[in-house]
Chemist: 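First the structure, which I've put down as structure tokens, then a few questions once you've had a look.
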Amino acid sequence: MADSQRRGRRIMMTPQELEAFLAEQRTCRVATVSPDGTPHVSPLWFLWDGTSLWLYSLSRSRRWADLRADGRIAVVVDAGEEYGELRGVELSGRVEFVGESPRTGEPCPELDAAEKQFAQKNFGMPEMVYDGRHAWARLTPDKIASWDFRKLAGL
């Protein structure tokens with residue numbers, strides 16, 4: 001289980017709010033570290049399954065190369081335009097690679113549920129279509145921090 005948030009408890013999301021927020025959002029920002037120490041941040045679609053964040057990334061991207069060299073990752077999912085409506089979640093830890101890379105659809109029972117949900121959420125399709133260019137990484141976070149500035153009005 002991820003560490004609980006210590007600061008900002010008054011504006012942190014409840015577990016139910018966190019689940020709903022991650023279920024409705026589509027895009028996250030993935031932060032990796034290159035072998036020379038250079039940080040790299042890039043947007044990516046994701047799926048939250050209640051325990052882990054599933055990332056479907058181009059397997060020939062800088063992000064993927066960084067994660068292969070060093071599995072440490074931080075991911076931010078956020079929303080809102082005006083200050084008083086900002087909300088988001090930061091998840092961090094190490095990724096695990098699941099299935100073949102790149103993904104061509106070889107049987108992988110561990111991916112069955114995630115691929116079905118990802119295809120429905122992001123493509124409106126009942127199952128994945130494989131392009132032989134993407135692969136899966138799973139983040140089961142060590143730490144989760146959340147905020148919802150809409151709660152500031154009640155403080």
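What you see below is based on every heavy atom in this structure, not just the backbone, and it leaves out hydrogens, waters and symmetry mates.
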Chemist: Is a side-chain donor-acceptor pair under 3.5 Å present for Arg133 with Ser59?
Modeler: no
Chemist: Looking just at side-chain N and O atoms, do Ser57 and Arg63 make a donor-acceptor pair shorter than 3.5 Å?
Modeler: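 Yes, a side-chain donor-acceptor pair sits under 3.5 Å.
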Chemist: Check this for me, if you would: do Glu90 and Lys143 make a salt bridge, where the nitrogen-to-carboxylate-oxygen distance has to be below 4.0 angstrom?
Modeler: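 Looking at Glu90 and Lys143, the cut-off is not met.
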Chemist: If you look at every heavy atom in Ser92 and Leu139, which pair is closest and at what distance?
Modeler: C-CD1, 4.0 Å
Chemist: Locate the shortest heavy-atom distance separating Arg62 from Ser34; write the atom from each residue and the value.
Modeler: NH2-OG, 3.0 Å
Chemist: Considering residues, nucleotides and ligands other than Lys116, do more than 12 of their heavy atoms fall under 6.0 Å from its NZ?
Modeler: no
Chemist: Answer yes or no: are there more than 12 heavy-atom neighbours, outside Arg26 itself, under 6.0 Å from its atom CZ?
Modeler: yes
Chemist: Taking atom CD as the centre, does Glu85 end up with more than 12 heavy-atom neighbours from other residues, nucleotides or ligands that are less than 6.0 angstrom away?
Modeler: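 For Glu85, atom CD is crowded (more than 12 foreign heavy atoms under 6.0 Å).
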Chemist: Is the terminal nitrogen or CZ of Arg103 (NZ for Lys, CZ for Arg) located under 6.0 angstrom from the six-membered ring centre of Tyr56 and within 45° of that ring's axis?
Modeler: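 Geometry flag: not set, cation outside 6.0 Å or 45°.
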Chemist: Looking just at side-chain N and O atoms, do Thr38 and Asp36 make a donor-acceptor pair shorter than 3.5 Å?
Modeler: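 Judged by distance alone, the side chains do pair up.
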Chemist: Could you report the tightest heavy-atom contact between Ala69 and Pro35, atom names first, then the distance?
Modeler: CB-CG, 4.1 Å
Chemist: Checking Ser61 side chain against Trp64 main chain: does a donor-acceptor pair fall under 3.5 Å?
Modeler: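 Here the side-chain-to-backbone pair exists.
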Chemist: Looking only at side-chain N and O atoms, does Glu115 offer a donor or acceptor that is under 3.5 Å from a partner on Trp136?
Modeler: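 Distance-only check passes for Trp136 and Glu115.
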Chemist: Counting only heavy atoms not in Arg72 (residues, nucleotides, ligands), do more than 12 fall under 6.0 Å from its CZ?
Modeler: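 No - once you tally the heavy atoms of other residues, nucleotides and ligands closer than 6.0 Å, there are 12 at most.
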Chemist: Of all heavy-atom pairs between Phe46 and Leu53, which one has the smallest distance, and what is that distance?
Modeler: CD1-CD1, 3.2 Å
Chemist: Salt bridge between Arg94 and Asp142, side-chain N to carboxylate O under 4.0 Å?
Modeler: no
Chemist: Of all heavy-atom pairs between Thr140 and Glu96, which one has the smallest distance, and what is that distance?
Modeler: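 Between these two residues, the closest heavy atoms are OG1-OE2, 4.2 Å.
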